[in-house]
Amino acid sequence: MGNLLKVLTCTELEQGPNFFLDFENARPTDCEKEVWNQVNAVLQDSESILSGLQAYKGAGQEIREAIQNPNDMLLQERAWNSVCPLVIRLKKFYGFSLRLEKALQSLLESLTCPSHTPTQHLEKEQALAKQFAEILHFTLRFDELKMRIPAIQNDFSYYRRTISRNKINNMNLDIENEVNNEMANRMSLFYAEATPMLKTLSTATTNFVSENKTLPLENTTDCLSTMASVCKVMLETPEYTSRFNSEDTLLFCMRVMVGVIILYDHVHPAGAFTKSSKIDMKGCIKVLKDQPADNVEGLLNALKFTTKHLNDETTPKAIRAMLQ
């Protein structure tokens, strides 16, 4: 299972190359080691970031009590002392998004450089392809969790209001050494997004394309569309899903497929939904809808609300109807 196996379900000319990629067991070759090590240093922190987000409870009650009793300094202090550690945690999540952005760009450089076609890159650099998939998997998990925690924006708004009020009163607060006004502005923009990590990756991919003007756009979009085909075929082929050692790999494939579709839709001028798209959108959506609803609701919502071209006139009505 260490190799990329060609799936003989269609020709490359009809639907693009379809492969089975061993997401569970791919290991870096000597050529991949340098980039793999850089990216692994980021990815090894991803689970602790998710655990920290999952454990985020917010300071809603303390903030409400402080607002309702503006002259009670004890309650003001209690709310402030509850919010400050949460803001430090939010800064850590935001900082991780910046590290993830750099990791993604390193992988894109490797997987799209002109020495090989995107398909050949995926054959030769499976461990990097797996890391690319792991970044997408983490991103969708993070954003699914974040959407369920409205306390994040409430806490951060309270923090900023309090900082502003104290500035008016000429008070200096130690936390401003950790989260100054410029950092707070950047964090505010990040958390204002419904899916902040996806937005980070979409922007990073778009920037990668615009900054590498000598690299054909197709090198990047073909890498993404090939990965989408990989995942779709793996999900719809029992022969391959039966090879997974863990049921989690099924959800992993679904998240990765959705993630690369979203990136493709943001980077390709015409998007992922047109008839000329190299991604079989009907097939991808059908694969998702064939899974238990609880597993895919967040992923279908991500396709609905975080893609760029779904509501374009060029999107076939049948595809739009599938996502209603």
Side-chain angles (χ1 to χ4, degrees), residues 1-7 16-47 96-141 197-198 200-209 211-212 215-234 240 244-245 248-249 252-264 267 278-279:
M1 264 187 61
N3 294 327
L4 211 59
L5 304 176
K6 189 68 176 288
V7 177
N18 289 317
F19 297 91
F20 181 88
L21 176 58
D22 187 355
F23 283 134
E24 292 179 329
N25 301 304
R27 295 288 178 268
T29 60
D30 289 342
C31 294
E32 295 171 273
K33 267 281 171 64
E34 186 179 348
V35 173
W36 189 91
N37 285 335
Q38 290 171 12
V39 176
N40 189 56
V42 178
L43 282 172
Q44 66 187 7
D45 293 334
S46 63
E47 286 301 322
F96 187 77
S97 78
L98 302 180
R99 295 172 62 205
L100 205 65
E101 183 177 349
K102 287 183 181 173
L104 179 78
Q105 291 188 326
S106 295
L107 288 173
L108 285 172
E109 281 175 23
S110 295
L111 294 171
T112 63
C113 69
S115 57
H116 302 294
T117 66
T119 298
Q120 288 168 337
H121 276 299
L122 290 177
E123 283 186 301
K124 293 173 182 291
E125 299 159 58
Q126 293 180 53
L128 297 187
K130 180 187 174 190
Q131 286 185 319
F132 186 76
E134 286 170 341
I135 286 177
L136 292 165
H137 184 240
F138 163 83
T139 295
L140 269 75
R141 287 169 72 198
M197 286 290 178
L198 257 179
T200 298
L201 294 199
S202 296
T203 302
T205 308
T206 304
N207 289 345
F208 173 79
V209 170
E211 288 163 11
N212 292 272
L215 187 72
L217 172 66
E218 290 74 22
N219 284 39
T220 303
T221 55
D222 285 358
C223 172
L224 300 175
S225 61
T226 301
M227 188 78 84
S229 292
V230 167
C231 296
K232 181 180 80 74
V233 171
M234 287 167 74
Y240 296 117
F244 297 155
N245 293 324
D248 290 342
T249 309
F252 180 92
C253 283
M254 289 190 279
R255 285 201 177 104
V256 173
M257 181 179 75
V258 168
V260 288
I261 288 169
I262 293 166
L263 290 187
Y264 183 100
V267 175
K278 290 190 176 179
I279 297 177

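Here, residue 1 is the first one in the sequence, and each next residue gets the next number. Side chains included, hydrogens not; waters and symmetry mates left out as well; all remaining heavy atoms used.
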| remark: When every non-hydrogen atom of Met197 is compared with those of Phe96, the smallest separation belongs to CE-CD2, 4.4 Å
| said: If you count heavy atoms of other groups shown closer than 6.0 angstrom to CD of Glu34, is the number above 12? | reply: no
| remark: Of all heavy-atom pairs linking Cys253 and Phe244, the shortest is SG-CZ, 4.0 Å
| Atom OG1 of Thr200 and atom CZ of Arg99: how far apart are they, to the nearest 0.5 Å? | 14.0 Å
| Closest approach of Met234 and Tyr240, non-hydrogen atoms and distance? | O-CB, 4.1 Å
| query | Got a donor-acceptor contact below 3.5 angstrom from the Glu101 side chain to the Ala204 backbone? | reply | no
| query | Mind checking whether Ser229 and Thr226 have side chains closer than 4.5 Å, heavy atoms only? | reply | no
| request: Report the distance from atom CG of Leu224 to atom CG of Leu136, rounding to the nearest 0.5 Å. | output: 8.5 Å
| When rounded to the nearest 0.5 angstrom, what distance separates NZ in Lys130 from CD in Glu24? | 8.5 Å
| Quick one: NE2 on His121 to CG on Leu107, what's the gap to the nearest 0.5 Å? | 12.0 Å
| Gln38 to Ser106 - nearest heavy-atom pair and separation | OE1-OG, 3.9 Å
| Residues forming a salt bridge (charged side-chain N to carboxylate O under 4.0 Å, His left out) with Glu47, sequence neighbours excluded | Arg141
| said: Nearest 0.5 Å, please: how far is CG in Leu140 from CD1 in Ile262? | reply: 5.5 Å
| Derivation and outcome, side-chain contact (heavy atoms from CB on, under 4.5 Å), residues Phe208 and Leu215 | CA-CA 10 Å; Phe208 173 79; Leu215 187 72; 3.7 Å; yes
| query | Which atom names give the shortest non-hydrogen contact between Ile135 and Ala103, and what distance separates them? | reply | CD1-CB, 4.1 Å
| message | Working to the nearest 0.5 angstrom, can you tell me the gap between Arg255 CZ and Glu134 CD? | response | 13.0 Å
| said: Looking only at side-chain N and O atoms, does Glu218 offer a donor or acceptor that is under 3.5 Å from a partner on Thr221? | reply: no
| remark: Residues Thr112 and Thr220: closest non-hydrogen pair is CG2-CA, 3.8 Å
| field | CA sep, side-chain torsions, deciding dist, call: Phe132, Leu263, side-chain contact (heavy atoms from CB on, under 4.5 Å) | value | CA-CA 12 Å; Phe132 186 76; Leu263 290 187; 4.2 Å; yes
| task | List the steps and the verdict of side-chain contact (heavy atoms from CB on, under 4.5 Å) for Trp36 and Ser110. | result | CA-CA 10 Å; Trp36 189 91; Ser110 295; over 6 Å; no
| Taking C-beta and beyond as the side chain, do Lys278 and Tyr264 meet within less than 4.5 Å on heavy atoms? | yes
